[in-house]
Amino acid sequence: MFTSIRRASFAAIAASLVATPAFAAPVETAFEPRTSQVQLADLDLRRDDDVKRLQSRIRAAATNVCGRLGRMSLSQSAKVQSCHRDAVTTARRHADEIVVAVRAGKDQRLAVRESLRVIAR
């Protein structure tokens, strides 16, 4: 009789250990894009050096919203790289529009009033 109770107890413990990972799995939450503002007010976008500073700020903001490569799995690394590439590409496209407008004679204060955001999707 003691053996059958011991087996039943062991079976119950084993079943609970097998079921635990299903309950421990994280619940997926709604994805909210992360953003970072890029300051333009101190730059004279008519100057090539300041446009280079803007590009550097865009890369830094992309790293801020997407994360840095480090000790992570290959799939996580690929996600970070893809996020960074997409964020930089989108922000540079917008930055290029602003630079063209400033260099075409639009008042720079009006051009930089629109803030430049770097977005991780």
Under the side-chain contact (heavy atoms from CB on, under 4.5 Å) test, residues paired with [X] that sit two or more places apart:
X     : result
Val80 : Leu69, Met72
Ser75 : Ser73
Asp49 : Arg47, Arg53
Ala87 : Ala62, Cys66, Val118

Sub-3.5 Å donor-acceptor pair from the side chain of Thr89 to the main-chain atoms of Arg85, do we have one? yes
Backbone of Val65 reached by a side-chain donor or acceptor of Arg34 within 3.5 Å: yes
Residues pairing under salt bridge (charged side-chain N to carboxylate O under 4.0 Å, His left out) where one sits in residues 57-68, two or more places apart or in two chains, turn out to be Asp42-Arg57
Side chain to side chain donor-acceptor pair (under 3.5 Å) partners for Gln81, two or more places apart: none
Is any side-chain heavy atom of Arg92 closer than 4.5 Å to one of Val99? no
Begin with the C-alpha distance, continue with both residues' side-chain angles, and end with the deciding distance and a verdict on side chain to side chain contact (heavy atoms under 4.5 Å, CB included) for Thr90 and His94. CA-CA 7 Å; Thr90 302; His94 188 136; over 6 Å; no
Trace of the side chain to side chain contact (heavy atoms under 4.5 Å, CB included) decision for His84 with Thr63: CA-CA 6 Å; His84 193 274; Thr63 299; 3.2 Å; yes
Which heavy-atom pair separates Leu45 from Asp50 by the least distance, and what is that distance? CD2-O, 4.4 Å
